[in-house]
Structure formats: structure tokens, C-alpha cells
Amino acid sequence: MRDFDAAVIGGGVVGLSIARGLAGQGLRCAILDEGDIAARASRANFALVWVQSKGMGMAPYGHWTQRSAAAWAAFAEELRAETGIATGLRQNGGYALALSEQELDARRAAMMRLHNQPGWDAIPWEVQDHATIARAMPAIGRDVVGGVFCPLDGDVNSLRLFRALHASALARGATYLPDMPVQTIIPQPGGGFLIRCAGRDIAAARVVLAAGLGNARLAPMVGLAAPVRPQRGQILVTEKAAPFLHHATITVRQTDEGGVMIGDSKEEEPADTRTGPGIIAVMAQRAQRMFPVLGGLNVVRTWAGLRVMSPDGFPIYDQSVATPGAFVATCHSGVTLAAAHSELLAPMIAAGRLDPTLAPFSARRFDVPQAA
Ligand SMILES: Cc1cc2nc3c(=O)[nH]c(=O)nc-3n(C[C@H](O)[C@H](O)[C@H](O)COP(=O)(O)OP(=O)(O)OC[C@H]3O[C@@H](n4cnc5c(N)ncnc54)[C@H](O)[C@@H]3O)c2cc1C
């Protein structure tokens with residue numbers, strides 16, 4: 001007798017989104033998580049639902065992101081109806097601002113490269129000059145020479161999203177099991193999995209690895225690979241202020257509660273969550289040139305989180321050939337992709353087979369022989 005139809009390992013935004021979707025498909029689903037103190041990027045993120053720069057080098061990733069962004073409004077409404085928690089979704093377009101002509105040229109060139117890729121579905125975007133941006137966001141500083149605007153971009157309240165996903169998964173019948181660090185996963189001869197946690201074993205017909213950085217260790221146990229590494233990102237947040245930032249930008253956003261978040265850096269070393277004055281000072285200085293009003297606000301908190309990065313930066317979705325019923329899902333934009341994970345990926349896992357459109361995301365793409 002199996003305890004559950006599916007065990008999702010990892011209670012971050014990726015695991016919760018998938019578990020919620022699986023429970024919505026009628027599966028008896030468990031979420032096995034670590035305790036409060038754990039590497040959990042989902043508590044540290046910048047909360048963008050972002051489209052404009054996604055997919056360079058892998059058009060299917062751009063399309064997957066666009067599908068998720070398009071599904072987000074209905075997803076947020078469903079979360080609110082099920083839990084009473086509003087995620088604060090705002091999808092009124094976002095900016096990547098430039099502080100020099102050189103930066104603006106680089107952003108324009110990157111967008112053109114993205115759109116000139118074979119198989120790319122065009123998305124709306126435009127380069128706007130200072131005056132045009134100032135009409136939408138009068139608070140921009142004189143140093144902003146222009147920026148890329150994409151009407152599909154937006155943001156949410158990330159902590160409320162996290163809570164809503166949790167509450168919704170539970171309301172749909174999922175079981176949350178904290179303090180259950182998975183040690184080993186043992187495929188069973190007749191199918192299914194025995195999942196050995198500290199102090200307890202769980203039997204499940206399917207297992208979904210959504211353990212963020214933990215996937216690297218767990219995946220080989222079920223014939224999968226998830227070669228993810230940590231990449232540090234630092235964020236600072238100001239005291240609350242009256243609304244002045246009417247759109248999200250890729251490095252500065254005002255939350256629906258009034259605080260302004262500034263970030264986020266991308267650091268390969270060191271792989272820990274310490275913050276440092278050097279990078280924070282640069283981020284704060286650039287943000288203040290973009291929005292001079294920030295100079296009058298106190299920074300109340302800084303933090304760092306570890307992104308879950310694959311070798312090429314794109315998600316990994318895979319199903320095990322060696323042990324059918326085992327899946328892995330990992331990505332570095334779990335907020336943006338929450339709707340896709342819950343509404344599109346989970347039904348595939350429930351049906352026991354990933355859709356061929358997800359084939360490009362298999363970790364087999366990393367199996368390239370090294371040159372002698
Ligand atoms: C600084 C920063 C900024 C970001 N900004 C954005 C953004 O603007 N937009 C966006 O879309 N995304 C953003 N992200 C990324 C987003 O937060 C991640 O995609 C997401 O958090 C990864 O989610 P996850 O659930 O895979 O991993 P995590 O959040 O790391 O969760 C992994 C979970 O698995 C558990 N776990 C690990 N090992 C085990 C085990 N052996 N047994 C049981 N449980 C285990 C952990 O305890 C944890 O709960 C950002 C991330 C960072 C760090």
C-alpha cells in the first residue's frame with residue numbers, strides 16, 4: 001500500500017506550484033520539505049513575472065515563459081478564490097532602464113538578437129526615450145537615457161504568493177511534511193518509490209524532484225541528472241513610501257506595500273548568503289540615479305539568496321527512463337513560471353508523461369562529448 005500517489009520533494013515555489021497542480025488533478029500528494037532553516041531561494045527573490053529578456057539561446061524557454069505570463073492573471077485569481085490571499089499581481093508592463101547610450105544600445109541589440117532567433121514567436125517590445133518613460137514614471141532621474149519596455153512584464157508580492165501556494169495546495173488536499181529532509185530514494189521492483197527521510201519512510205507511486213539546489217544530489221538516485229549550482233543574488237529594501245514607481249523595472253520595483261526593492265546581483269562566488277557593502281553600494285547608487293527620490297529613503301533590510309542555476313541557465317524538466325514515475329523540475333525563475341508549473345506541467349506529471357514540447361528542457365542537452 002502506497003502512502004501517496006505522488007511525493008513532491010521540496011517546499012519552495014517550484015515544489016508548491018507543482019504539488020498544488022497535482023492535487024488539483026485529484027492525486028493524493030505529499031510535499032516533503034526541510035525545516036525552517038534551509039537554502040530556499042523562494043524566500044529571497046525579487047518577485048518579477050518577467051518576459052522581455054527570456055529565451056536567448058533557447059527559443060522554447062521564451063515560449064514557455066510567455067505561456068506562463070499569459071496564464072498568470074487567471075492563476076492569481078484562482079489562488080485568491082481558493083485561499084483569500086491576493087498575490088498583488090501587476091502586469092502593466094515593465095522596463096529595463098539604461099543609464100547611458102551604450103547601455104541602451106546593448107539592451108536594444110540583445111532584444112534584436114533574441115527576436116532574430118529561428119523559431120521565435122514575436123512579443124511586443126519597444127525602446128523608449130527618456131521623455132516617453134517620464135510620462136509613465138515621472139519619478140525617473142535625468143540620468144535615465146531610455147529603456148526597453150515590454151507590456152507583458154510585471155511583478156507580484158512574492159511572500160504572499162508563497163503563502164497562497166501553500167494554502168491552496170493544502171486546501172486541495174495535499175499533505176505538507178516539514179522537517180523531512182530526504183536522504184535516499186529507492187525505486188521499487190514493482191514500480192513506485194520508497195523515500196527515506198530522517199526518521200520516516202514514505203511510499204509513493206510518483207516522485208517529483210523540486211528540491212532546488214538539493215536536486216543535484218537526489219536526481220542520480222532515480223536515473224536523472226540536475227547539474228545545478230548556486231548563484232548568489234543580493235537585494236535591499238527601503239522603508240515604505242507613497243507609490244511612485246508605477247511599473248516594475250528589472251532592478252528596482254516598489255512592492256504593493258510601499259517598500260522599494262533594489263537588486264539583484266548575480267555572483268558566482270562565494271556560494272553563501274552573506275551580503276557585502278561593495279555590491280550593495282553599486283546597486284543602491286544606480287537605483288538612486290534611476291529614481292532620485294530613493295536618496296531620501298532609509299534602507300531597512302538587505303539579504304542574499306542562492307539562485308538555482310543550470311549550466312546554461314535554462315530550466316530542467318525531465319522524466320526518468322530507468323525508473324518511470326520519477327520527474328525533475330528546476331529553474332531560476334520559479335515565480336514567473338509558477339502558473340506554468342501549476343497549470344501545465346503538473347497535469348503532464350499526473351498523466352505520467354511530459355509533453356514533447358518540453359523535450360528541449362531535458363538534462364540530456366548537457367551530454368555533449370568534450371573535445372579531446
Ligand atoms: C536573489 C534572487 C532573485 C530572484 N528573483 C526572481 C524573480 O524576480 N522572478 C522569478 O521568477 N524568480 C526569481 N528568483 C528565483 C526564484 O525564487 C526561484 O526560481 C525559486 O526560488 C527556485 O525555487 P525552488 O522551489 O526550485 O527552490 P528553493 O526555493 O530553493 O526551494 C527548494 C526547497 O527544497 C527543499 N529541499 C532541498 N533539499 C531537500 C531534501 N533533500 N529533502 C526535502 N526537501 C529539500 C528546501 O528546503 C526548499 O524548501 C530569484 C531568486 C533569487 C535568489
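Just so it is clear, the values below take in all heavy atoms, side chains as well, and ignore hydrogens, waters and symmetry mates. Start at 1 and go down the list; that is how both ligands and their atoms are numbered. Along the sequence shown, the residues carry numbers beginning at 1.
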Of Asp256, Asp153, Asp155, which is the lone residue that meets salt bridge (Lys or Arg N to Asp or Glu O under 4.0 Å) with Arg90? Asp155
My understanding is that we take every heavy atom of each candidate and find the minimum distance to atom 30 (O) of ligand 1. Doing that for Ala41, Cys197, Gly12, which one comes out nearest? Ala41
Under 6.0 Å between ring centres: does that hold for Phe75 and Trp72? yes
Indicate yes or no: does an N/O atom of Val14 lie under 3.5 Å from an N/O atom of ligand 1? yes
Could you tell me whether His332 approaches ligand 1 through its side chain, its backbone, both or neither, with non-hydrogen atoms closer than 4.0 Å? backbone
Would His341 and Tyr317 count as a close aromatic pair, with their ring centres under 6.0 Å? yes
Among Ser68, Ser42, Gly305, which one has a heavy atom closest to atom 53 (C) of ligand 1? Gly305
Does ligand 1 have an atom under 4.0 Å from some heavy atom of Met180? yes
Using a 3.5 Å cut-off and no angle test, enumerate the donor-acceptor pairs between side-chain atoms of residues 141-151 and protein atoms at least two apart in sequence or in another chain.
{"unit_1": "Asp143", "atom_1": "OD2", "unit_2": "Arg289", "atom_2": "NE", "d": "2.8"}

Under a 4.0 Å heavy-atom limit, does Ala47 contact ligand 1 with its side chain, its backbone, both, or neither? backbone
Gln52-Tyr95 side chain donor-acceptor pair, cut-off 3.5 Å: no
Return a yes/no value for Val335: is any of its N or O atoms, backbone included, closer than 3.5 angstrom to an N or O of ligand 1? yes
With a cutoff of 4.0 Å, is Thr330 in contact with ligand 1, counting heavy atoms of the residue only? no
Counting only pairs under 3.5 Å, give me each side-chain donor-acceptor contact of residues 175-185, with atom names and distances, residues two or more places apart or in other chains.
{"unit_1": "Tyr176", "atom_1": "OH", "unit_2": "Asp33", "atom_2": "OD2", "d": "2.7"}

If you measure from atom 32 (C) of ligand 1 to every heavy atom of Gly233, Ala211, Gly10, which option wins on shortest distance? Ala211
With atom 35 (C) of ligand 1 as the reference point, say which of Leu209, Ile235, Thr336, Asp33 has the nearest heavy atom. Asp33
Would you say the side-chain atoms of Trp125 and His115 include a donor-acceptor pair closer than 3.5 Å? yes
Relative to ligand 1, is Asp155 under 4.0 angstrom through side chain, backbone, both or neither, heavy atoms considered? neither
